[in-house]
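Convention: sequence-line order gives letters A, B, ...; per-chain numbering from 1. In this text, all values refer to a predicted model and were calculated from it rather than measured experimentally.
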Amino acid sequence: MVNDFYLDVFKIVKLIPKGKVTSYGLIAKCLGSPQSSRMVGYAMNYSHQFDPSIPAHRVLNRNGCLTGKHHFPTETMMQDLLEAEGHIIENNCIKNLDKVLWNPAEAIEII
DNA sequence: TTGCTGACGAACA
DNA sequence: ATGTTCGCCAGCA
């Protein structure tokens with residue numbers, strides 16, 4: 001089943017602009033549950049069956065590391081997708097995180 | 001049913 | 001600076 005928390009997570013992730021990334025914790029915080037960041041990751045795990053178009057590769061952990069790449073069809077897919085959007089990945093972590101980090105808070109207002 | 005695990009993150013020691 | 005613990009809670013054995 002899918003609860004509102006999941007739906008909100010999906011909404012936000014789908015709103016992430018191309019060329020930007022965000023973090024699980026940031027999303028959780030914007031949803032009013034700063035300590036439920038694990039659930040955001042869990043939601044991502046479920047996202048592919050809910051809506052395959054969800055850009056889960058744009059969601060990283062707070063350090064900008066590709067912690068979830070093992071959940072993609074291939075381990076290189078997540079990195080490839082990010083690089084295709086202009087990001088630079090090094091040692092499983094994104095570079096210039098400060099410049100590409102997107103704040104989900106601005107999406108909350110839209111929703 | 002209970003207990004463990006996990007795409008996280010913050011607080012402690 | 002590094003390692004451990006805890007909160008969160010949905011799945012799974």
Can you tell me how far [atom2] of [N] sits from [atom1] of [X], to the nearest Å?
| X | N | atom1 | atom2 | answer |
| --- | --- | --- | --- | --- |
| Tyr6(A) | dA7(B) | OH | P | 13 Å |
| Leu60(A) | dA7(B) | CG | P | 14 Å |
| Gln35(A) | dT5(C) | CD | C1' | 13 Å |
| Met39(A) | dT5(B) | CE | C1' | 11 Å |
| Asn3(A) | dA10(C) | CG | C1' | 9 Å |
| Phe5(A) | dC8(C) | CZ | C1' | 9 Å |
| Ile16(A) | dA7(B) | CD1 | C1' | 13 Å |
| His48(A) | dG11(C) | NE2 | P | 12 Å |

>> Classify the ring geometry of Tyr6(A) against Tyr46(A): parallel below 30°, tilted from 30° to 60°, perpendicular beyond 60°.
In response: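 Answer is perpendicular, since the angle exceeds 60°.
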> Is Ser33(A) reaching over with its side chain to a backbone N or O of Ser36(A), donor-acceptor style, under 3.5 angstrom?
Replying inline: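 Checking the backbone N and O of Ser36(A) against the side chain of Ser33(A), no donor-acceptor pair under 3.5 Å is found.
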>> Tell me whether Asn63(A) contacts the main-chain N or O of Cys65(A) through its side chain, where contact means a donor paired with an acceptor under 3.5 Å.
In response: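 Here the side-chain-to-backbone pair does not exist.
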> For DNA chain C, what residues of residues 67-74 of chain A have any heavy atom nearer than 4.0 Å?
Replying inline: none
> Counting only non-hydrogen atoms, which of residues 93-104 of chain A are less than 4.0 Å from DNA chain C?
Replying inline: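 Output list: empty, so none.
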>> The test is salt bridge (Lys or Arg N to Asp or Glu O under 4.0 Å); show your working for Arg58(A) and Glu85(A) and say whether it passes.
In response: CA-CA 10 Å; Arg58(A) 293 181 186 152; Glu85(A) 295 182 0; 2.8 Å; yes
> How far apart are the C-alpha atoms of His87(A) and Leu81(A), what are their side-chain angles, what is the distance that settles it, and do they pass the side-chain contact (heavy atoms from CB on, under 4.5 Å) test?
Replying inline: CA-CA 9 Å; His87(A) 300 299; Leu81(A) 288 171; over 6 Å; no
>> Please evaluate residues Phe72(A) and Glu75(A) with respect to the criterion side-chain contact (heavy atoms from CB on, under 4.5 Å), reporting the C-alpha separation (whole Å), side-chain torsions for both, the decisive distance (0.1 Å), and the verdict.
In response: CA-CA 6 Å; Phe72(A) 282 79; Glu75(A) 293 196 4; over 6 Å; no
Can you tell me which nucleotide in [options] comes closest to the side chain of [X]?
| X | options | value |
| --- | --- | --- |
| Tyr42(A) | dA7(B), dC8(B), dA10(C) | dA10(C) |
| Ser36(A) | dG9(B), dA7(B), dC8(C) | dC8(C) |
| Asn61(A) | dG9(B), dG6(B), dA7(B) | dG9(B) |

> Using atom C1' of each nucleotide, how far apart are dT5(B) and dT5(C) to the nearest Å?
Replying inline: 16 Å
> Say you pick atom C1' in dC4(B) and the same atom in dC6(C); how far apart are they, in whole Å?
Replying inline: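 dC4(B) and dC6(C) have their C1' atoms separated by 15 Å.
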>> I'd like to know if Arg38(A) reaches the base of dG7(C) with its side chain, counting only an N/O donor and acceptor under 3.5 Å.
In response: yes
> At under 4.0 Å between heavy atoms, what does Ser23(A) touch on the DNA or RNA strands: base, sugar-phosphate, or nothing?
Replying inline: sugar-phosphate
>> Let me confirm one number: the CG-NZ distance from Leu60(A) to Lys69(A), rounded to the nearest 0.5 Å.
In response: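 With rounding to 0.5 Å, CG (Leu60(A)) is 12.5 Å from NZ (Lys69(A)).
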> Which value, rounded to the nearest 0.5 Å, describes the distance between Ile94(A) atom CD1 and Met78(A) atom CE?
Replying inline: 9.0 Å
> Shared ILVMFWY cluster between Leu7(A) and Ile16(A), side chains joined below 4.5 angstrom?
Replying inline: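 Leu7(A) clusters together with Ile16(A).
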>> So Glu83(A) and Ile88(A), do their side chains get closer than 4.5 Å, heavy atoms only?
In response: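 Sidechains of Glu83(A) and Ile88(A): no contact.
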